[in-house]
Number of protein chains: 2
Amino acid sequence: MVDKSIPDIVIGRLPIYLRSLTRMMEQGRQVTSSQELGERLGISAAQIRKDLSQFGEFGKQGTGYNIEFLTRKIQEILQVDRVWEVAVVGAGDVGHAVANYGGFQHRGFRITRIFDNDPSKIGTTFNNIKVMDIERMSEEIRKAGIQVAMLTVPAGVAQEVVDILVEAGIKAILNYAPVNLSVPAGVRVQYIDPAVHLQNMTYYLD
Amino acid sequence: MVDKSIPDIVIGRLPIYLRSLTRMMEQGRQVTSSQELGERLGISAAQIRKDLSQFGEFGKQGTGYNIEFLTRKIQEILQVDRVWEVAVVGAGDVGHAVANYGGFQHRGFRITRIFDNDPSKIGTTFNNIKVMDIERMSEEIRKAGIQVAMLTVPAGVAQEVVDILVEAGIKAILNYAPVNLSVPAGVRVQYIDPAVHLQNMTYYLD
DNA sequence: TTGTTTTTGTGCAATCAAACACAAGCGCGG
DNA sequence: CCGCGCTTGTGTTTGATTGCACAAAAACAA
Ligand SMILES: NC(=O)c1ccc[n+]([C@@H]2O[C@H](COP(=O)([O-])OP(=O)(O)OC[C@H]3O[C@@H](n4cnc5c(N)ncnc54)[C@H](O)[C@@H]3O)[C@@H](O)[C@H]2O)c1
Ligand SMILES: NC(=O)c1ccc[n+]([C@@H]2O[C@H](COP(=O)([O-])OP(=O)(O)OC[C@H]3O[C@@H](n4cnc5c(N)ncnc54)[C@H](O)[C@@H]3O)[C@@H](O)[C@H]2O)c1
């Protein structure tokens, strides 16, 4: 089974499968089927089978998929069978919520740096991590070889902060600011904007 | 131009267009083109034109689109040319961050109710909104006719809370808990799970 | 062993989405 | 008023994604 450019849309579903599998494992389950997974996720069984078959033959006919094994395989594919250090920029309400959140570690991430430019925030501690001056950000990120960042600064300064992050070697940015960012090829951005998600649903309301 | 079932994927892009247009308007811009919008958003100009043309002829050849007019049209399409009342369930870190956030109002939403089941949270005030007992939730939502909710409770209780929300008449749920929810037809759910977004990007890292 | 049930992996067909390409409309300068 | 440059809206083509359907493998019972 060769690595021949898997569609982005398939990669995008893997974390969803993973989340559901983790939940089943917590419930003590041993095996599942494409049908069961599909019903839980609202995705057709055929699609799940086809997605997984892109990476190997993980199931067994007549039985289904071993949950622990499949979980491990998907973790390997997504490279979350390790823990990525994450830098958070912006020690406001959102920065505070993500820094305090305990759910990242077992999904492949650990927040180890928080930066801000407000003197009243710098030096305070969030979940045992000291908020550092943004002036030191580039050096710190580079020194620690951090590749993943979460951006929780106001929209107006998001692009300038991103430029620094990119320059410092960040390759993946999760952006909470409600603006589209411009980054060079090779840097990935994902957006979280609750208003966008809500606006997506109001179209369908009466 | 008749309303003949617009693809979900087109609806999903409209809030993105809207966000970018709003930003241009703030910068005092009057007109834009599908090309400019496309470059900002990393979407082809043709696609933007085709998306918009599904709803009417909003542009002018040789000139482009009047930003204010197009903004208004998209707001109408998405039904965010009004303000939807939103109920937040879960007065924790995330609930606190969204309740405090001032950016919803001008995008079509206002948080007017917050519910929790923790006696130490009930009665406290978030951004002028008193946290109410979840026991009163069903009645309050029904009485106020609220259709939109944000779910910021722990994953383990998310489904049971959703069942109450649905029963109370909620039609659109923005779920922050890292679990897939089961809802009847006619109720929409959107998911925000930062770990999923991050896992989506690590696949592409070296 | 044999038959029955279950469920995978996948070739093929159908559907859906994106890109291309261009006629036609608009504004403007001369 | 004419011609040129720009940009829309859209018919058509190309490409991507999903759904269908079934052979083959496994498990299990008799
Ligand atoms: N709170 C929410 O629920 C919510 C919802 C949607 C979007 N957002 C977006 O998320 C972002 C953060 O929201 P928030 O509520 O945490 O805001 P906030 O104002 O509480 O926090 C922003 C933080 O960024 C810091 N900051 C400002 N400029 C900076 C700079 N140049 N360098 C480093 N740090 C800087 C500020 O000092 C502050 O600590 C904003 O873009 C906001 O629009 C938030
Ligand atoms: N904090 C983050 O950045 C973050 C990141 C990813 C996901 N999440 C998810 O978002 C959700 C909320 O996270 P948080 O950090 O705000 O957690 P939190 O523990 O701070 O808040 C949860 C709140 O829900 C309330 N609650 C619990 N059971 C309830 C019930 N049955 N009815 C009503 N209220 C109830 C609790 O009293 C608490 O106030 C969780 O599902 C979490 O996994 C949070």
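Here is how names work: the chains are called A, B, and so on, in the same order as the sequence lines, proteins then strands, and each is numbered from 1. When reading the values below, keep in mind they use all heavy atoms of this one structure, side chains included, and skip hydrogens, waters and symmetry mates.
An OP1 or OP2 oxygen of dT6(C) is reached within less than 4.0 angstrom by no side-chain nitrogen or oxygen of Y65(A).
Two residues are said to be in side-chain contact when any heavy atoms from C-beta on lie closer than 4.5 Å; L41(B) and Y17(B) meet this criterion.
Remark: E36(B) engages R29(B), T32(B) in a side-chain hydrogen bond (donor to acceptor under 3.5 Å, both in side chains) (not counting sequence neighbours). In this structure, H197(A) has no ring-ring contact (aromatic ring centres under 6.0 Å, His included) partners at least two apart in sequence or on a different chain. Every residue two or more places apart in sequence or in another chain was checked for a salt bridge (Lys or Arg N to Asp or Glu O under 4.0 Å) with K121(B), and none qualifies. With sequence neighbours excluded, the residues satisfying salt bridge (Lys or Arg N to Asp or Glu O under 4.0 Å) with E26(B) are R23(B). In this structure E167(B) satisfies the salt bridge (Lys or Arg N to Asp or Glu O under 4.0 Å) test together with R142(B), sequence neighbours excluded.
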What pairs of donor and acceptor atoms, side-chain ones from residues 62-76 of chain A against any protein atom, are under 3.5 angstrom apart with sequence neighbours left out?
unit_1	atom_1	unit_2	atom_2	d
N66(A)	OD1	E68(A)	N	3.0
N66(A)	OD1	F69(A)	N	2.8
T71(A)	OG1	I67(A)	O	2.7

Taking distance alone, no hydrogens or angles, what donor-acceptor pairs closer than 3.5 Å link side-chain atoms of residues 78-86 of chain B to residues at least two apart or in another chain?
unit_1	atom_1	unit_2	atom_2	d
W84(B)	NE1	Q79(B)	O	2.8
E85(B)	OE1	T112(B)	OG1	2.7

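Regarding F58(A), its CZ atom lies at a distance of 14 Å from the P atom of dT8(C), rounded to whole Å. Atom pair I67(A):CD1 and dT7(C):P shows a separation of 13 Å (rounding to whole Å applied). Rounded to whole Å, atom P of dT8(D) lies 9 Å from atom CD1 of I48(B). Rounded to whole Å, the distance from CG on L70(A) to C1' on dG9(C) is 14 Å. In this structure, Q54(B) atom CD and dT8(D) atom P are separated by 16 Å, rounded to whole Å.
Salt-bridge formation is not detected for the pair D8(B)/R13(B): no Lys NZ or Arg NE/NH1/NH2 atom is positioned less than 4.0 Å from an Asp or Glu carboxylate oxygen. Using a 4.0 Å cut-off between a side-chain N of Lys or Arg and a carboxylate O of Asp or Glu, E140(A) and K143(A) qualify as a salt bridge.
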Could you list, one pair per line, each protein nitrogen or oxygen that sits under 3.5 Å from a nitrogen or oxygen of nucleotides 26-30 of chain D, together with the distance?
unit_1	atom_1	unit_2	atom_2	d
dA26(D)	O4'	Q61(A)	O	3.4

Between protein and nucleic acid, restricted to nucleotides 15-21 of chain C and to nitrogen or oxygen atoms under 3.5 Å apart, what atom pairs and distances do you find?
unit_1	atom_1	unit_2	atom_2	d
dA18(C)	OP1	R13(B)	NH1	3.2
dA18(C)	OP2	R13(B)	NH1	3.3
dA18(C)	OP2	R13(B)	NH2	3.0
dA18(C)	OP2	Q47(B)	NE2	3.0
dA18(C)	O5'	Q47(B)	NE2	3.0
dA19(C)	OP2	S44(B)	OG	3.2
dA19(C)	N6	K50(B)	NZ	2.6
dA21(C)	N6	R49(B)	NH2	3.3

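Less than 4.0 Å separates DNA chain D from no heavy atom of any residue of residues 14-41 of chain A.
Under the side chain to side chain donor-acceptor pair (under 3.5 Å) criterion, the residue pairs touching residues 171-191 of chain A are N180(A)-R19(B), with sequence neighbours excluded.
An end-to-end axis angle of 10° holds for the helix from dT1(C)-dA30(D) to dG30(C)-dC1(D), taken from five base pairs per end and rounded to 10°.
Of the possible polar contacts, none joining the Q54(A) side chain to the I6(A) backbone as a donor-acceptor pair under 3.5 Å is found.
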From CA spacing to verdict: ring-ring contact (aromatic ring centres under 6.0 Å, His included), F58(B), F55(B) | CA-CA 8 Å; F58(B) 300 149; F55(B) 302 97; 7.2 Å; no
